[in-house]
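Below: the structure, in C-alpha cells.
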Amino acid sequence: MKHVLENIRVVDFSRVFAGPDATQILGDLGADVIKVEDPEGGDECRYLGVTRDQLTALGGPSPSFRALNRNKRSITLDLSTDAGKQVAVRLIESADVVVNNFRPGTMERFGLGYEAMAKLKPGLIYCDFQSYGPVGPLSHIGANDLALQAFSGLMSITGEEGGAPARAGSAIVDLHASLGIVSGVLAALFHRERTGEGQRVDTSLMLSAAHLMSYFYQEYWLTGRMHRRMGTANHLSVPNQAFPTRDGYTVIIAPSDEMWARCAAALDPEKLGIPEYRIASDRLRLRKDVVAAITEVTMKLTNAEVHEKLSAVKVNVAVVQDIGSAADHAQFEAVGGVFRRPGSSGEEQRYVGTPFRLHGTPGEITRSPPALGEHTAEILAEAGYGEAEIAALKAGGAFGE
C-alpha cells in the first residue's frame, strides 16, 4: 500500500475548523474524502476572515479554508430536500467513515443519523462531533473555539497577571479536537479490521478543551487550588517563561535543579548561582526574585546571545518568533512540516503537513482544496447515477437553486 488509508472512503458533512482539519488528515493518509457542502455558499470557512476584495485577489477561498481542506472532493447537496437526502444516503452507503458536526438531532432529522445508517451499513464508522456533546444540559447549545476556551477555564489562566482574560492566539481547542476525531476514527477502523464491526464515535469541543486543562482540573479535584493568569509564566517551575532581551523575548525553561545549575552558570554564575536559588521548591517560593534576576541578565543580551549560551549547555530555550520567521524556519521544513504542490497558475503552494510522519506510508497532497461543488458530477457518476437521474435530482433541488 502506498497510503495507510488507501481504499477508505470518508463522507464529510463537517465545516469550519475541527471536522475539516480531521478529515484533511485522513485525506493526507490516503482516504477518499468527499466533502458535502450546502449549495448556498458551502463551508463558511471558504470566506472566513477575508473581505470580498481579498477573496478576489486570492483568486479562490480563504487561507483558513485552504489550510484545512486539501485532499478532498466537493459535492453540493441541499439536505432539506428529499432529492438531496437520497444522494446523501447513497454516498453514506459507499462510505467507511462519516463525520459531521451538526447540532445533536440534526442528522436524525435529515434521516441520516447513526441508527438509520448503521442498519444500511453495519460496518460504518460514524463520528458525531458537537460543541458540548450529544447529551447533557448544554447539548443543544452551539459554540466555537472561543466559547470553549471560556467555558473550560482556559481563558481564566490566559493573559497577564491581574489583567483581563485572553484568548489563546490560535484556535487550539478546535485543532486539538481534530486530533481527537482522527484518533477515534482510526481506533474504530482498527477495531473493524479485527472484528468487522462498525460503531459510533462521538467527541466534542468540550472534551477537547477539558483534555487541554486536564492537569489543572486534577489539581483542583485533589487540592481545591485554582490557578490564575500568569502571563507567559508556568506555575509548575521557575524559570519557565519568556524573558525580555535587547531585541525581543526569549523563553527559558529550566525545571530541574541540574538544568538550572547549567542555566545559571551559562548566563551569570555570580548573580544566578547563589544557594537560595539552587532547589526547585525554593525557586518557586522566590519566583519574583528569580525572575527579576534573570531579567536583569537577559536585558543586556540579544535573543541570539541568550539562545547560543543556553542551547550550548542543553538548557531549554526558544526565541519568541513572529509568524513569518516560524513558518519559514529551516527546522520546520527539515522534519517534513511543509507540503508543497503547484497552484492553479503553476506557482508553488505551501501547506502545513500532518502532525506526525509515517515513514513506510507517508502522507502527501494529491488534491488542492476544492472549489465549491467542483466534483459533484464526478461523484454522482461514481455513485451510479445516470444523466436522466442526475437531471431528476437537479429538478428536485438536490443541488440547490
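Below, all heavy atoms of this structure are taken into account, side chains as well, without hydrogens, waters or symmetry copies. This one's a predicted model, so the numbers in the text were calculated from it and none came from an experiment.
Defined by atom type and a distance below 3.5 Å, a donor-acceptor pair is missing between the side-chain atoms of D82 and Q86. Side-chain polar atoms of N303 and T245 form a donor-acceptor pair below 3.5 angstrom. In the model, T106 has no side-chain atom that pairs as donor or acceptor with a side-chain atom of R103 under 3.5 Å. Defined by atom type and a distance below 3.5 Å, a donor-acceptor pair is missing between the side-chain atoms of S14 and N100. Between the side chains of S178 and D21, at least one donor N or O sits under 3.5 Å from an acceptor N or O.
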Inset, instruction - Give the C-alpha distance, both sets of side-chain angles, the deciding distance and a yes or no for salt bridge (Lys or Arg N to Asp or Glu O under 4.0 Å) between D78 and K85. - result: CA-CA 8 Å; D78 184 346; K85 292 172 191 173; over 6 Å; no

Legend entry - Verdict with supporting geometry, E161 and R229, salt bridge (Lys or Arg N to Asp or Glu O under 4.0 Å): CA-CA 5 Å; E161 184 177 0; R229 291 177 285 281; over 6 Å; no

Legend entry - V89 vs I92, side-chain contact (heavy atoms from CB on, under 4.5 Å): CA-CA, chis, key distance, verdict: CA-CA 5 Å; V89 168; I92 291 172; 5.8 Å; no

Inset, instruction - Mind running side chain to side chain donor-acceptor pair (under 3.5 Å) on R341 and S368 for me, showing each step along the way? - result: CA-CA 8 Å; R341 182 174 172 82; S368 298; 3.0 Å; yes

Legend entry - side-chain contact (heavy atoms from CB on, under 4.5 Å) evaluation trace for V201 with I125: CA-CA 7 Å; V201 176; I125 309 301; 4.1 Å; yes

Inset, instruction - Output, in order, the C-alpha distance, side-chain angles, deciding distance and verdict of side-chain contact (heavy atoms from CB on, under 4.5 Å) for L205 and Y132. - result: CA-CA 6 Å; L205 286 176; Y132 291 96; over 6 Å; no

Inset, instruction - Give the intermediate values and the outcome of side chain to side chain donor-acceptor pair (under 3.5 Å) for residues D322 and S325. - result: CA-CA 5 Å; D322 60 25; S325 299; 2.8 Å; yes

Inset, instruction - Just do the side-chain contact (heavy atoms from CB on, under 4.5 Å) check on E305 and K300 with the steps written out, would you? - result: CA-CA 10 Å; E305 289 169 336; K300 299 173 183 176; over 6 Å; no

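Taking a cutoff of 4.0 Å between a charged side-chain nitrogen and a carboxylate oxygen, D257 and R278 do not qualify as a salt bridge. The pair R9-D32 meets the salt-bridge criterion, since a charged nitrogen lies less than 4.0 angstrom from a carboxylate oxygen. Contact check on R262 versus E258 returns a salt bridge, with a Lys/Arg side-chain nitrogen under 4.0 Å from an Asp/Glu carboxylate oxygen. A salt bridge between D43 and R46 is absent, with no side-chain N of the basic residue lying under 4.0 Å from a carboxylate O of the acidic one. Salt bridge R70/D28: present, at least one basic N to carboxylate O contact under 4.0 Å. Note on E374 versus K35: no salt bridge recorded, every NZ/NE/NH1/NH2 to OD/OE distance being 4.0 Å or above. With respect to E93 and K121, no salt bridge is recorded, no charged nitrogen being found less than 4.0 Å from a carboxylate O. Checked for salt-bridge contact, D328 and R350 meet the test: a charged N lies under 4.0 Å from a carboxylate O. Look at R285 and E276 and you find no salt bridge, because none of the NZ, NE, NH1 or NH2 atoms lies under 4.0 Å from a carboxylate O. Using a 4.0 Å cut-off between charged nitrogen and carboxylate oxygen, R200 and D202 count as a salt-bridge pair. Under a 4.0 Å N-O distance rule, the pair D38/R15 does not qualify as a salt bridge. Salt bridge present: E364 and K2 bring a charged side-chain N and a carboxylate O closer than 4.0 Å. At a threshold of 4.0 Å, the pair E296-K271 counts as salt-bridged, since one of the basic side-chain nitrogens sits closer than that to a carboxylate oxygen.
Looking only at distances, no side-chain donor or acceptor of S183 sits under 3.5 Å from a matching main-chain atom of G180. For the pair S237 (side chain) and N240 (backbone), a donor-acceptor distance under 3.5 Å is absent. Between the S74 side chain and the G373 main chain, a donor and an acceptor come within less than 3.5 Å of each other. Checked by atom type and distance alone, the side chain of E333 never pairs as donor or acceptor with a backbone atom of A330 at under 3.5 Å. The main-chain N or O of P244 is found under 3.5 Å from a side-chain atom of T298 such that the two form a donor-acceptor pair. A donor-acceptor pair is defined here as one N or O able to donate and one able to accept, closer than 3.5 Å; no such pair exists between the side chain of S208 and the backbone of D174. In this structure, the side chain of R340 does not engage the main chain of Q349 through any donor-acceptor pair within 3.5 Å. Put simply, the side chain of T295 gets close to the backbone of V291: a donor and an acceptor are under 3.5 Å apart. The main-chain N or O of A168 is found under 3.5 Å from a side-chain atom of Q149 such that the two form a donor-acceptor pair. The backbone N or O of Q331 lies less than 3.5 Å from a partner atom in the side chain of H329, making a donor-acceptor pair.
Here OG of S131 is found 10.5 Å from CE of M206. Values are rounded to the nearest 0.5 Å. Summarising the geometry, atom CD1 belonging to I365 is positioned 6.5 Å from atom CG belonging to N71; distances are rounded to the nearest 0.5 Å. Atom-to-atom distance recorded for R283:CZ and Y277:OH is 11.0 Å, nearest 0.5 angstrom. From I252, atom CD1 reaches atom OG1 of T250 across 7.0 Å, with rounding to the nearest 0.5 Å. In this structure, CZ in F243 is found 9.5 Å from CG in L267, a value given to the nearest 0.5 Å. D282 contributes atom CG, which lies 9.0 Å from atom CG of L284 (distance to the nearest 0.5 angstrom).
Enclosure of atom OH in Y217 by more than 12 non-hydrogen atoms of other residues, nucleotides or ligands within 6.0 angstrom is indicated. Heavy atoms from other residues, nucleotides or ligands lying under 6.0 Å from CD of E348 number more than 12. Dense packing is recorded around CD of E6, with more than 12 heavy atoms of other residues, nucleotides or ligands lying under 6.0 Å away. Counting non-hydrogen atoms of neighbouring residues, nucleotides and ligands closer than 6.0 angstrom, the CD1 atom of I323 reaches no more than 12 such neighbours.
Y126 and G113 make their closest contact through OH-CA, 3.5 Å (heavy atoms, listed as atom of the first residue, atom of the second, distance). Of all heavy-atom pairs between A209 and S152, the closest is CB-CB, 3.5 Å. Between D12 and P20, the closest heavy-atom pair is OD2-CA, 4.3 Å. What you find for D145 and A171 is that their closest heavy atoms are OD2-C, 3.0 Å. Across every non-hydrogen atom of P104 and G133, the tightest pair is CG-O, 3.7 Å.
Between Y47 and F65, the distance from one ring center to the other does not fall under 6.0 angstrom.
Taking the ring centre of Y385 as origin, the terminal cationic atom of R90 falls inside the region bounded by 6.0 Å and 45° from the ring axis.
Aromatic ring orientation, F216 versus H235: tilted (interplanar angle from 30° to 60°).
Among Q24, H375, R367, the one residue that satisfies the side chain to side chain contact (heavy atoms under 4.5 Å, CB included) test with K72 is Q24.
Within the 4.5 Å cutoff, the side chain of L179 has heavy atoms near those of the P355 side chain.
A search for ring pair (Phe, Tyr, Trp, His ring centres under 6.0 Å) contacts involving F102 returns F110, not counting sequence neighbours.
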